[in-house]
Engineer: 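What follows is a structure written as structure tokens; I'll ask about it next.
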Amino acid sequence: MQKIENAIERAIKFRANGIFVSETFDLARKQATKAIENGLKPFPIVVKDCFLTKDAPTTCASQMLANYIPPTTSTVVDRIVRKGGCIIGKTNMDEFCMGTSSQLGHFGPVKSNIRSEGGIEEDWMIPGGSSGGSAVAVQTGIADVALGSDTGGSTRNPAAFNGIFGLKPTYGVLSRQGLIPLVNSLDAPSIFARSAEECWDFLDKTRGLDDNDSTSIDLPESENLDSLKNLRVGVPIEYHNEKLSENAWKIWNHAINVLKNEGAEIFEISLPHTKYSLSCYSVIAAADVASNMARYDSVAYGHRSSNNSSTHEMYAESRSESLNTVVRRRILAGNYFLMKKYRSKYYEKALKIRRLINDEIINSFNNLDVIITPTASGKPPKYSELRDTLYSKEDDDDYFTQAANLAGIPSISVPSTQNENRENYPIAVQIMGNRLNDRLVCDVARMIHTKF
Amino acid sequence: MLRLFIRRSYCTKKFPEVAKRKIAFEGDQVLIRDIPYISEIPDEKLSEIPNFDAKLIAHLERLSLVRFDSEQAVANLRKSVKMAQKLELVDTENIEPMYTVWENQECPVFEDVEEKSLEIEEVFKNCTERFDDYFVTPPGNIALESKDRFDLNVINEWDKIGNPTAPQLKNQKLVNSS
Amino acid sequence: MNGVHIQLNTRTKLFSRTLNGESSPNRLVSPLDMATPGILPSLNRKCVLHALKMGMLFNCEIPKISRFDRKHYFYADMPAGYQITQNEKPIAKNGRFGFYVFDEKIEPYWKEVDIIQLQLEQDSGKTIHIDNKSLIDYNRAGCALVEVVTTPCFSTALEAICFVQQLRLILMNYGICDGEMHKGQIRVDANVSLSFDDITGTRTEIKNMNSIRSIHTAINYEIARQFEILSNGGIVINETRAADNEERTVSMRDKEVETDYRFMVEPNLPNLVIKDEWLDSVRQSLNSTSKPKFEILREKYGFDARSSIHISEDSQLLRFVEKCVEFGATRTILIWMRELKTIMQRSKSVYPPQSQFFIRQFVDLIGFFEAGRLTRLRMLDLLRIYSTSEQEIRNVEQLIDDNNYWKITDETEIMQIVENVLENPKNLKIVEKLRTGFHAKSFNKIRNLIVDLSEKRIEVEEVENILRTKFNLVQ
């Protein structure tokens, strides 16, 4: 119980960081009491505000859902609460999960706690996105574990930018019931923690088939890895691109050295379609967004405009008033790519290229156990820097994480802990494994952690 | 098995990418190529995209029921389309589209047994306009009117004459919790 | 292409386990039905079985794998902004449906239509228009439909309605649909276009007609409307129209800017792989269900197409006929049923009568008539007695015997009666008149007297023939 109160205290202490959209302290206390009654040890968690929670607002950081209270709770949240999880709050994020910076949501930006000694009023470090709030909650110690989502890197990226672990499981292993979707065939509920073991533990508590999610699967049991000896590690050349910073490369290279020194075999590989993953992802994502967002018509729920001239006029006004510029842009783009005239050129083409990207990664696992890459292009930018690039810098970071979503493979971001010769900002590497090898990637992550 | 990368000296002016060669930490072997792979696809390689006209803008607004708020928004869309042009460089002959991760998964089916539906108050919990036990919309299925409101020239020449501004941040606030 | 939307008779909806039924507005709504964000669809097995059954009934190919798609359009009663349907890979395709086309005036003929595909899909909610707003009820949103998509092969409104009529009876027989059209359980979209010199004209779509009658009048109205436009040199606009209360069609939304549904594979439902055990179960169910009544009446008992359907559509009538047939009747009862109906309506009794005793007598009477043992007039009398009196407990044979109602077959006896009348001095004048030639009034009088004297035991035609011969009359 004390743990919960500590968490609440910290949540209040870090209010300026804009971590939460809604604070659910009383709910957490209630859940803690219930957990104790059931003989469980309560522990604080935070949940990204795109997961439905019956007893608390669920907003997706959008004005469209600013007052929305759902009729049910998402499966993963339900499962972790049953195991003792107590929800301190619903965390802030990029609106409707669209973005890699967590800045443009309706409830304000999430500000990283990293390098915050000079104050975070005027400028601050970007916490990454779209699950920025959950990442900062773990980094500031409000919770030991947090729930995020990852569609193109939305958990791994903020994990890297906050110096913590971010695990995206194999697609389907964690139920998507109750996760407000960005791209249905890429979305994965994902986990933040300060250790690989805690990531795995959370996954273990919440995994498995869900009748409510027809795309969910069981994760078969697998053995622990206790040594890195003879582990076959792939290093794709395409991940050292023009945007990769000096330090990101150095640390990545160092991590590979660590693996080699522990007895792993290192293989240089090529994934030639990586450079198309950004375009491929953006077309598929836009199309899915156009479809998923069609339900926000303000009839049964959601922000409603006062414009009453006709049904479609009302819909258009309600949506245009309450969805931010990023969301609107994706919807319009999605419909462009799906238009009869253009669908085969863009949408269907992107789906074919998805297969090419997928196949080359999956095939590489015929001769490999894991692949190691940087998680992001470099250190987290400052807000002012990002703003001046008109947010285009986000693309640079998406490059590193998107392919794993397209292929549905598990991937974990592992923070570097060694700080000499560096700028003292968080940098991380990413360990990817073949589908259903979630345990393996966590084990490898555990074993290299603190060594690089 | 370790592949050594053979170092050559290049004049950094002649080969600017070599100037970006990375240097490993002391004591580390170079286990990744130290010269960056070119992932950038130059615009010149891509075919032109058609200019956007009022008809297209109106059509998209109608399909999306969302309005463009400025020339910048339309120009941004154009940029997204430009980015998507890269896809045409990939040969996808005889490649099947990939819709989902688990392609051999079979749709589960469930028994025709009822579960409790929502209580009426739960159904209307988030509704702003209600009439007895009905949801309400304004009349008619009239198509969205397209208002000709943009300077097409600005849109289509955005790179040259556009004046981009970054989106504004919103004020930090919390939801009024229940 | 035309579509008939069949609401499946299942307990719960297609993708959610809410009750599929009637209730006060918005009381049968689950999170999925109202498009709550983040809620995913779960497929109802019963719906699959029903669709497979339809596929087998219509001789369709049933592919091993089918798939669901999203069809996008904005409409107030479609909360997700898209409908989950099957577009590219439906559950069944390339089928055939045969039926009779008939009405009072034409000879029935057999027609076969090609069924392009059967699609499992979600129903929308309902909209009520009042004053200056629309009221939305999601009870029906998400209920299971199968859309039967056919080629444009109907030449007349009559063909279209016979198709729907027989389709409905078949679906009801196999428990696939309850067939209550006024409840919207079967809805028809028809595409109407006029062809000229083999060139197909622009088509308009008439939506959601939900009674046989409105289908017929709406299609005919539309054909006439298009004909008038084209005859005056105008152009038919490709648009969607609805049947209004006065059986005209009115424009619904301008289809001129063609709707782009932006079909997309439904990502939350993996491919539907048809299991052998489902097919077996459906086959077994088909084999153990008896054929639709109208088919049995037509094929086994030789009833004509029109009567078979007419009778099947009326459960009272059907029960009556089935009982008759059980007692050995054949299709000849149709004529007598008409007479019976007239008699009972006149006496304000309920037709058809359900008494088993009556039906037995009815069948026996017809039997006697066909064996030549009763005259038509006696038949009518007897029908009157048995259908209106609650007291008669004797069976017909008994009654006829007791009263000697049997037809007189003995020539001598017949002639005796004739002579009796002709020689009756009261009738002298009339007889004289007849000797001079045919006078309808006199003829009928004498005829009626003879028939009365025989106690309606001589057939009217027979008396007439005798009289004509006797008096050398030519009609």
Side-chain angles (χ1 to χ4, degrees), chain A residues 18 21-22 57 59 68-69 71 103-104 106-109 171-172 185 214 235 237-238 240-242 249-250 253-254 256-257 266 268 275-276 279 283 299-301 304 308 310-312 314-316 319-320 325 328-329 331-333 335-336 346 348-355 358 387 390 408, chain B residues 1-3 22 24-25 28-29 31-33 36-41 60 63-67 73 76-77 80-81 83-84 86-87 90 92 95-102 107-108 118 122 125-128 135 137-138 140-144 164 166-167 169-175 177-178:
Chain A
V21 171
S22 53
T59 70
Y68 183 69
I69 304 197
Q103 298 301 292
L104 298 172
H106 180 63
F107 297 91
Y171 179 83
S185 67
S214 297
V235 179
I237 61 175
E238 289 81 5
H240 174 197
N241 71 350
E242 314 93 312
W249 183 92
K250 279 171 148 79
N253 186 56
H254 187 51
I256 301 171
N257 272 269
I266 312 297
E268 183 186 77
K275 64 177 164 181
Y276 299 104
S279 306
V283 170
V299 175
Y301 56 82
R304 184 165 174 140
N308 257 333
S310 78
T311 310
H312 284 187
M314 182 197 82
Y315 289 7
R319 290 152 69 81
S320 302
T325 182
R328 274 181 284 142
R329 175 177 172 175
I331 294 173
L332 291 158
N335 280 314
Y336 184 97
Y346 295 108
E348 287 166 21
K349 183 86 181 179
L351 291 173
K352 294 177 183 182
I353 294 175
R354 177 181 180 177
R355 185 177 298 284
N358 171 78
R387 181 200 56 211
L390 298 173
Chain B
M1 183 184 63
L2 170 68
R3 284 239 232 112
K22 307 289 192 295
F25 287 133
D28 275 345
Q29 284 184 296
L31 296 175
I32 321 159
R33 294 196 189 181
Y37 162 87
I38 307 299
S39 66
E40 193 74 32
I41 299 166
L60 284 175
L63 285 179
S64 314
L65 289 189
V66 155
R67 296 229 183 261
N76 278 340
L77 172 62
S80 300
V81 175
M83 159 120 107
K86 295 181 186 169
L87 300 177
V90 183
T92 52
I95 306 289
E96 285 300 308
M98 179 177 173
Y99 299 107
T100 190
V101 171
W102 298 109
C107 189
L118 292 174
E122 284 184 287
K125 188 161 193 167
N126 296 288
C127 176
T128 40
F135 296 100
T137 63
N141 210 37
I142 312 162
L144 192 69
L169 295 182
K170 291 217 172 150
N171 290 329
Q172 251 177 21
K173 50 188 173 284
L174 288 170
V175 161
S177 286
S178 47

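On a predicted model such as this, the values are computed, not experimentally measured, just so you know. The figures here come from the full heavy-atom set of this structure, side chains too, leaving out hydrogens, waters and symmetry mates.
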Engineer: Check whether A24(B) gets within reach of chain A through its side chain, its backbone, both or neither, counting any heavy atom under 4.5 Å.
Structural biologist: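 Both parts, backbone and side chain.
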Engineer: Looking at T137(B), L60(B), L87(B), which makes the most heavy-atom pairs under 4.5 Å with chain A?
Structural biologist: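 So the answer, after comparing T137(B), L60(B), L87(B), is L87(B).
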Engineer: Name the region of E40(B), side chain, backbone, both or neither, that has any atom closer than 4.5 Å to a heavy atom of chain A.
Structural biologist: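 Contact with chain A involves both backbone and side-chain atoms of E40(B).
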Engineer: What residue in K275(A), E242(A), R319(A) has the most heavy-atom pairs under 4.5 Å with chain B?
Structural biologist: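 Most heavy-atom pairs under 4.5 Å with chain B: E242(A).
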Engineer: Go through the atoms of S214(A) and report whether side chain, backbone, both or neither lie under 4.5 Å from a heavy atom of chain B.
Structural biologist: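 Interface part for S214(A): both.
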Engineer: Applying ring-ring contact (aromatic ring centres under 6.0 Å, His included), can you list everything that pairs with Y68(A), at least two apart in sequence or on another chain?
Structural biologist: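 With sequence neighbours excluded, Y68(A) shows a ring-ring contact (aromatic ring centres under 6.0 Å, His included) to Y301(A), given in chain and number order.
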Engineer: Can you find a pair of side-chain heavy atoms, one from R329(A) and one from S80(B), that are under 4.5 Å apart?
Structural biologist: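 They are in contact (side-chain heavy atoms under 4.5 Å apart), so the answer is yes.
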Engineer: What I'd like to find out is whether the side chain of I256(A) reaches to under 4.5 Å of the side chain of V235(A), using heavy atoms alone.
Structural biologist: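 Yes, their side chains come closer than 4.5 Å.
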Engineer: Hey, which of T92(B), T100(B), N171(B) has the most heavy atom pairs under 4.5 Å with chain A?
Structural biologist: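 Ranked by contacts with chain A, first place is T92(B).
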Engineer: Set out, in order, the CA-CA distance, both residues' side-chain angles and the distance that settles salt bridge (Lys or Arg N to Asp or Glu O under 4.0 Å) for R33(B) and E268(A), then state yes or no.
Structural biologist: CA-CA 9 Å; R33(B) 294 196 189 181; E268(A) 183 186 77; 3.0 Å; yes
Engineer: Is there side-chain contact between H240(A) and W249(A), with heavy atoms separated by less than 4.5 Å?
Structural biologist: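 In short, these two side chains touch, coming nearer than 4.5 Å.
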Engineer: Please state whether the side chain, the backbone, both or neither of V299(A) comes within less than 4.5 Å of a heavy atom of chain B.
Structural biologist: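 Both parts, backbone and side chain.
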Engineer: Can you list the residues that meet the side chain to side chain contact (heavy atoms under 4.5 Å, CB included) rule with T128(B), with sequence neighbours excluded?
Structural biologist: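 In terms of side chain to side chain contact (heavy atoms under 4.5 Å, CB included), with neighbours along the sequence ignored, T128(B) is linked to R304(A).
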Engineer: So which of K170(B), M83(B), K86(B) has the biggest tally of heavy-atom pairs under 4.5 Å with chain A?
Structural biologist: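 The option with the most such pairs is K170(B).
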Engineer: Mind ranking I237(A), N257(A), L390(A) by heavy-atom pairs under 4.5 Å with chain B and telling me who comes out on top?
Structural biologist: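 Maximum pair count with chain B is reached by N257(A).
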Engineer: Applying ring pair (Phe, Tyr, Trp, His ring centres under 6.0 Å), run through F25(B) and H254(A) and close with a yes or a no.
Structural biologist: CA-CA 7 Å; F25(B) 287 133; H254(A) 187 51; 5.8 Å; yes
